[in-house]
Chemist: 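Sending over a structure as structure tokens; questions will come in a sec.
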Number of protein chains: 2
Amino acid sequence: MARAATTTDAFNAVAEPRRREILDALAGGELAVGDLTELLGLAQPQVSKHLRVLREVGLVDVRDDGRRRLYRVNGAPLRAVHAWVAQYERLWNERFDLVDDVLDELTHAAAESAAEAETEAETGRGD
Amino acid sequence: MARAATTTDAFNAVAEPRRREILDALAGGELAVGDLTELLGLAQPQVSKHLRVLREVGLVDVRDDGRRRLYRVNGAPLRAVHAWVAQYERLWNERFDLVDDVLDELTHAAAESAAEAETEAETGRGD
DNA sequence: TTGACGCATGCCCATATGGGTATATGTTTG
DNA sequence: CAAACATATACCCATATGGGCATGCGTCAA
């Protein structure tokens, strides 16, 4: 078996530097293939191919404008990536250690007074 | 040219599901190759190879323990991934829209003195 | 209509992947 | 010391990649 297809998910699609550049460029607003070709200094076919991948994983949307095709970012698929990476944020962010300390103290204090200290975490909005 | 090496950076290393599973497993603490082999239900050589990749990008550290090798997570390299993805957070997080609203109001308040009573058509929610 | 323009596709190819299987290396036990 | 155990490596191979280049197709201009 070879490596998973780049179109498998956002993780794979975004692993390619060029595709990240494209998204970054599109972050400023809609752009046509030609604009990207110029901005990235890459050949048009390659840009189109990268856009195809990004499109297949839903990272960009297209809109026809005469003989041009305007691409636009759609960050939704990145949500999964963000969610996964965020779990590790505590491993490099000092502030999390501080939060841990506080939570630790609270936990101890709660356990001390009674035995029913359950805090329900609120879920973010679904989609 | 083929796809960039998986050992190029965290983006590429983490694009592989199995490697993410390994990191998730290690998130609970040090584990030996054998433990991971069992947890992932993957053959030992494959686990070792994935660990090699993770090691080359610095996502894990190793420690010798007798005839075993204990692996440990090191989230640092993920910081770059997080930073990049975070830029797009506003594209799916509603809370950013709220911030936008506030900024919007402040802007309008300032513009009010200039007598600019124009209501922009609201765009419906995308997804 | 013809031609120029803007993009998407098709092909060719060198390359690394990830799983499978066998084996080398280092460590602990008898 | 030999045998068992824990890992790392070496190979073999089917597969998709990403860039280069040529070309197909729809759209706008003369």
Side-chain angles (χ1 to χ4, degrees), chain A residues 1-23 25-26 30-73, chain B residues 1-26 29-73:
Chain A
M1 196 187 270
R3 222 205 280 204
T6 55
T7 53
T8 299
D9 52 41
F11 280 98
N12 283 283
V14 162
E16 167 65 301
R18 257 49 197 277
R19 278 189 292 262
R20 256 174 280 146
E21 284 182 46
I22 289 183
L23 291 178
L26 293 178
E30 285 185 329
L31 283 181
V33 179
D35 303 323
L36 292 168
T37 298
E38 221 177 296
L39 287 172
L40 300 191
L42 195 59
Q44 176 268 310
Q46 278 57 340
V47 174
S48 283
K49 286 181 198 169
H50 282 311
L51 285 170
R52 181 170 173 58
V53 173
L54 291 174
R55 231 200 133 193
E56 287 194 34
V57 296
L59 277 169
V60 298
D61 291 322
V62 210
R63 180 167 77 85
D64 276 36
D65 175 44
R67 53 188 169 188
R68 295 188 306 163
R69 307 202 80 195
L70 301 180
Y71 283 81
R72 182 173 199 254
V73 191
Chain B
M1 196 185 272
R3 220 202 282 202
T6 55
T7 53
T8 300
D9 52 41
F11 280 98
N12 282 283
V14 162
E16 165 66 319
R18 255 54 196 273
R19 275 184 300 257
R20 257 174 279 146
E21 284 182 46
I22 290 182
L23 292 178
D24 289 340
L26 293 178
E30 285 185 329
L31 283 180
V33 178
D35 303 322
L36 292 168
T37 298
E38 223 177 294
L39 288 172
L40 300 191
L42 195 59
Q44 177 268 309
Q46 277 58 340
V47 174
S48 282
K49 286 184 202 168
H50 283 310
L51 284 170
R52 180 169 174 59
V53 173
L54 291 174
R55 228 199 134 194
E56 287 194 33
V57 296
L59 276 169
V60 298
D61 290 321
V62 211
R63 179 166 77 83
D64 278 36
D65 174 44
R67 52 188 169 190
R68 294 188 308 163
R69 305 203 81 195
L70 300 180
Y71 283 81
R72 183 171 197 254
V73 191

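This one's a predicted model, so the numbers in the text were calculated from it and none came from an experiment. Sequence lines set the chain letters: A, B, ... in the order given, protein chains first and strands last, and positions in each chain run from 1. Computed over heavy atoms, backbone and side chain alike; hydrogens, waters and symmetry mates excluded.
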Chemist: Among B:Arg68, B:Arg63, B:Arg67, find the residue that satisfies the salt bridge (Lys or Arg N to Asp or Glu O under 4.0 Å) test when tested with B:Asp65.
Modeler: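 Option passing the salt bridge (Lys or Arg N to Asp or Glu O under 4.0 Å) with B:Asp65: B:Arg68.
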
Chemist: Take atom CG of B:Asn12 and atom C1' of D:dG18, then tell me their distance rounded to the nearest Å.
Modeler: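 Roughly 13 Å, once rounded to whole Å.
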
Chemist: Using the side-chain contact (heavy atoms from CB on, under 4.5 Å) rule, pick out the option among B:Thr6, B:Leu23, B:Val53, B:Asp9 that qualifies with B:Val14.
Modeler: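 With B:Val14 as partner, side-chain contact (heavy atoms from CB on, under 4.5 Å) holds for just one option, B:Leu23.
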
Chemist: To the nearest 0.5 Å, tell me how far A:Arg18 CZ sits from A:Leu40 CG.
Modeler: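 It comes to 7.0 Å.
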
Chemist: Take nucleotides 20-30 of chain D nucleotide by nucleotide from the 5' end and write B, S or -, depending on whether a protein heavy atom sits under 4.0 Å from the base, only from the sugar-phosphate, or from neither.
Modeler: BBB----BB--

Chemist: Round to the nearest Å and state the distance from B:Glu38 atom CD to D:dC5 atom C1'.
Modeler: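 Value for this atom pair: 15 Å.
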
Chemist: Provide the start and end nucleotides, 5' to 3', of the part of DNA chain C that has atoms under 4.0 Å from heavy atoms of chain A.
Modeler: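 Range of nucleotides touched by chain A: C:dA4 to C:dG18.
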
Chemist: Could you walk me through whether A:Leu51 and A:Ile22 pass the side chain to side chain contact (heavy atoms under 4.5 Å, CB included) test, one step at a time?
Modeler: CA-CA 8 Å; A:Leu51 285 170; A:Ile22 289 183; 3.8 Å; yes

Chemist: So which one's nearest nucleotide on DNA chain C is more toward 5', A:Ala2 or A:Val62?
Modeler: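 Taking each residue's closest nucleotide, the earlier one in sequence belongs to A:Val62.
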
Chemist: Is the backbone N or O of A:Val33 less than 3.5 Å from a side-chain atom of A:Arg69, with the two atoms forming a donor-acceptor pair by type?
Modeler: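 Checking the backbone N and O of A:Val33 against the side chain of A:Arg69, no donor-acceptor pair under 3.5 Å is found.
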
Chemist: State, yes or no, whether a side-chain contact exists between B:Asp61 and B:Arg55 at a heavy-atom distance under 4.5 Å.
Modeler: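 In short, these two side chains do not touch, never coming nearer than 4.5 Å.
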
Chemist: Do the side chains of B:Glu16 and A:Arg3 get close enough for a salt bridge, i.e. N-O under 4.0 angstrom?
Modeler: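 The answer is no: the pair does not qualify as a salt bridge.
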
Chemist: Would you kindly compare A:Thr6 and B:Ala32 by the position of their nearest DNA chain D nucleotide and give the one closer to the 5′ end?
Modeler: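 Result: B:Ala32.
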
Chemist: Measuring from atom OH of A:Tyr71 to atom CG of A:Leu31, what distance do you get when rounded to the nearest 0.5 angstrom?
Modeler: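 Result: 12.0 Å between the selected atoms.
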
Chemist: What is the distance, rounded to the nearest whole Å, between atom NE2 of B:His50 and atom C1' of D:dA8?
Modeler: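 After rounding, the gap between these two atoms is 15 Å.
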
Chemist: When all nucleic acid strands are considered with a 4.0 Å heavy-atom cut-off, which category describes A:Arg19: base, sugar-phosphate, or nothing?
Modeler: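 Sugar-phosphate, no base atom in range.
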
Chemist: Tell me: CZ of B:Arg69 to C1' of D:dT9, nearest whole Å?
Modeler: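 Rounded to whole Å, this separation is 13 Å.
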
